[in-house]
Amino acid sequence: ISEERWHFALDGAGDGVWDWNPITNEVYFSKQLKTMLGYSDEEIENKVEEWKSRIFPDDKERGLVALNKFKSGETVVYEEEYRMVCKDGTYKWILSRGKTMSRNAEGKATRCIGTHKDISDSKNKELLLAHERYLLNALMDYSPESIYFKDLDSKFIRINNFTAKVLGFDNATEVIGKSDFDFFSKEYATKTFNDEQQIIKTGTPIIEEEQGEWM
């Protein structure tokens, strides 16, 4: 009864359940685990091969290596992210977690229980963010224009190499923490500071040509 309750609780939370005996290779996949991939309960047999055959090819080796380490006892807890192919040919990112529940007299695992969680939304956002970061880094590294970011106190927190050279530095990190007051006349630096503070407070951009004197 207790086991039925936690199976029901996990299924109700949207997580699939797997229950595996590494010695006999007997395995149980919950209905929710199969539904997650677009299958009915009858369409996926309770066989390890069913799981292996649906791992996305690029992730299969990594997934199997992690599983073998878990099976051998090299890792106490199994936790891996990989893609699984759905019935309609698309794939979902799955976070699989597992733990050994019992061992035999020889210390070999006889029962491992784990879950499958669909993390596709968060993973796709993570990959999109990584792609955007890559594009930004490329823009910062190779743009022949001055690009920089400042904090709320108008101090540099990131600049590209072009801006660093304009300011007389070979390394962009040397400019971090400085402001226009470190490079330009007080009159010009005060104007840029006031302009930036206005942008911060109002969110309205200022587009104009400016000229400043170096210190």
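The figures here come from the full heavy-atom set of this structure, side chains too, leaving out hydrogens, waters and symmetry mates.
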| request: Any chance you could lay out the salt bridge (charged side-chain N to carboxylate O under 4.0 Å, His left out) test for Lys31 and Asp41, step after step, and finish with the verdict? | output: CA-CA 5 Å; Lys31 181 179 179 180; Asp41 197 15; over 6 Å; no

| task | Give the intermediate values and the outcome of side chain to side chain contact (heavy atoms under 4.5 Å, CB included) for residues Leu95 and Tyr82. | result | CA-CA 7 Å; Leu95 169 60; Tyr82 45 76; over 6 Å; no

| task | Check Thr110 against Pro22 and note the closest heavy-atom contact, atom names and distance. | result | C-CD, 3.9 Å

| said: Please determine whether salt bridge (charged side-chain N to carboxylate O under 4.0 Å, His left out) holds for the pair Glu187 and Lys191, giving the CA-CA distance in whole Å, both sets of side-chain angles, and the decisive distance to 0.1 Å. | reply: CA-CA 6 Å; Glu187 179 182 0; Lys191 182 182 186 310; over 6 Å; no

| task | Please check if the side chain of Lys34 supplies one atom and the backbone of Ile44 the other of a donor-acceptor pair under 3.5 Å. | result | yes

| message | Using a 3.5 Å distance criterion without hydrogens, assess whether the side chain of Asp19 forms a donor-acceptor pair with backbone atoms of Ile113. | response | no

| Is there a side-chain contact between Arg158 and Leu136 (heavy atoms, below 4.5 Å)? | yes

| task | Kindly indicate, with the supporting measurements, whether the criterion side chain to side chain contact (heavy atoms under 4.5 Å, CB included) is fulfilled by Lys71 and Trp20. | result | CA-CA 10 Å; Lys71 180 179 178 179; Trp20 176 46; 4.0 Å; yes

| Atom pair NZ (Lys125) and CG (Asp121), whose distance is rounded to the nearest 0.5 Å | 6.0 Å

| Mind checking whether His131 and Tyr134 have parallel, tilted or perpendicular rings, split at 30° and 60°? | parallel

| Modelled atom types, side-chain donor and acceptor of Thr163 and Asn160, under 3.5 Å | yes

| message | Ignoring hydrogens and geometry beyond distance, is a side-chain donor-acceptor pair present between Ser154 and Gln197 at under 3.5 Å? | response | yes

| field | Verdict with supporting geometry, Lys52 and Glu49, salt bridge (charged side-chain N to carboxylate O under 4.0 Å, His left out) | value | CA-CA 5 Å; Lys52 291 181 179 179; Glu49 289 71 23; 5.4 Å; no

| message | On a heavy-atom basis, which atom in Phe181 and which in Lys186 lie closest, and how many Å separate them? | response | CE2-O, 4.1 Å

| request: Examine Phe184 and Phe169 and state if one hydrophobic cluster contains both, with Ile, Leu, Val, Met, Phe, Trp and Tyr joined whenever side-chain heavy atoms are less than 4.5 Å apart. | output: yes

| query | Considering all heavy atoms of both residues, which atom of Ser96 and which atom of Trp18 are nearest to each other, and what is their separation? | reply | OG-NE1, 3.3 Å

| query | OG/Ser122 to CG/Leu127 distance, rounded to the nearest 0.5 angstrom? | reply | 9.5 Å

| query | Looking at side-chain heavy atoms only, is the closest gap between Glu196 and Asp180 below 4.5 Å? | reply | yes

| Given His116 and Leu37, is the side chain to side chain contact (heavy atoms under 4.5 Å, CB included) satisfied, shown in steps? | CA-CA 11 Å; His116 269 193; Leu37 301 176; 5.9 Å; no

| query | For Ile94 and Met36, which heavy atoms make the closest approach, and how far apart are they? | reply | CD1-SD, 3.6 Å

| note | Distance col, row Ser146:OG vs Lys165:NZ, nearest 0.5 angstrom, shows 13.0 Å

| remark: CD1 (Ile119) and CD (Glu126) are apart, to the nearest 0.5 Å, by 8.0 Å

| query | What is the ring orientation for Phe70 with Tyr78, classed by angle as parallel under 30°, tilted 30 to 60°, or perpendicular over 60°? | reply | tilted

| Cluster link Ile157 to Leu139, ILVMFWY, side chain under 4.5 Å | yes

| Leu135 atom CG: more than 12 heavy-atom contacts under 6.0 Å | yes

| said: If hydrophobic clusters are built from ILVMFWY residues whose side chains come within less than 4.5 Å, do Val85 and Leu33 share one? | reply: no

| Hydrophobic cluster membership, Phe29 vs Tyr39, 4.5 Å side-chain cutoff | yes

| message | Go through it in stages, so that I can follow the logic: the residues are Asn124 and Trp93, the test is side chain to side chain contact (heavy atoms under 4.5 Å, CB included), and I'd like the CA-CA distance, side-chain angles, deciding distance and then a yes or no. | response | CA-CA 8 Å; Asn124 288 334; Trp93 276 100; 4.0 Å; yes

| said: I need the Tyr91 OH to Ile55 CD1 distance, nearest 0.5 Å. | reply: 15.0 Å

| task | Mind listing the closest non-hydrogen atom pair of Val27 and Val48 along with its distance? | result | CG1-N, 3.6 Å

| query | Can you get from Phe56 to Leu64 by hopping between Ile, Leu, Val, Met, Phe, Trp and Tyr side chains that sit under 4.5 Å apart? | reply | no

| message | Tell me whether Thr202 contacts the main-chain N or O of Gln198 through its side chain, where contact means a donor paired with an acceptor under 3.5 Å. | response | yes

| message | Between Arg62 and Glu80, is the salt bridge (charged side-chain N to carboxylate O under 4.0 Å, His left out) condition met? List the steps. | response | CA-CA 9 Å; Arg62 174 169 49 82; Glu80 193 67 31; 2.7 Å; yes

| request: Keeping the roles fixed (side chain from Ser72, backbone from Lys69), state whether a donor-acceptor pair exists under 3.5 Å. | output: yes

| More than 12 non-hydrogen atoms from neighbouring residues, nucleotides or ligands closer than 6.0 Å to NZ on Lys99, yes or no? | no

| Counting only heavy atoms not in Tyr148, do more than 12 sit closer than 6.0 Å to its OH atom? | no

| query | Under 3.5 Å, is there a donor-acceptor pair between the side chain of Glu43 and the main chain of Ser40? | reply | yes

| task | Answer yes or no: does atom CG of Asp88 have more than 12 heavy-atom neighbours from other residues, nucleotides or ligands under 6.0 Å? | result | yes

| request: Specify the closest pair of heavy atoms between Glu145 and Phe162, including all atoms of both residues, with the distance to one decimal. | output: C-CD2, 3.5 Å

| query | Any side-chain heavy-atom pair from Lys92 and Met84 closer than 4.5 angstrom? | reply | no

| Should Lys155 and Asp182 count as an ion pair when the cut-off is N to O under 4.0 Å? | no

| request: Enter the distance from Met140:CE to Phe149:CZ here, rounded to the nearest 0.5 Å. | output: 5.5 Å

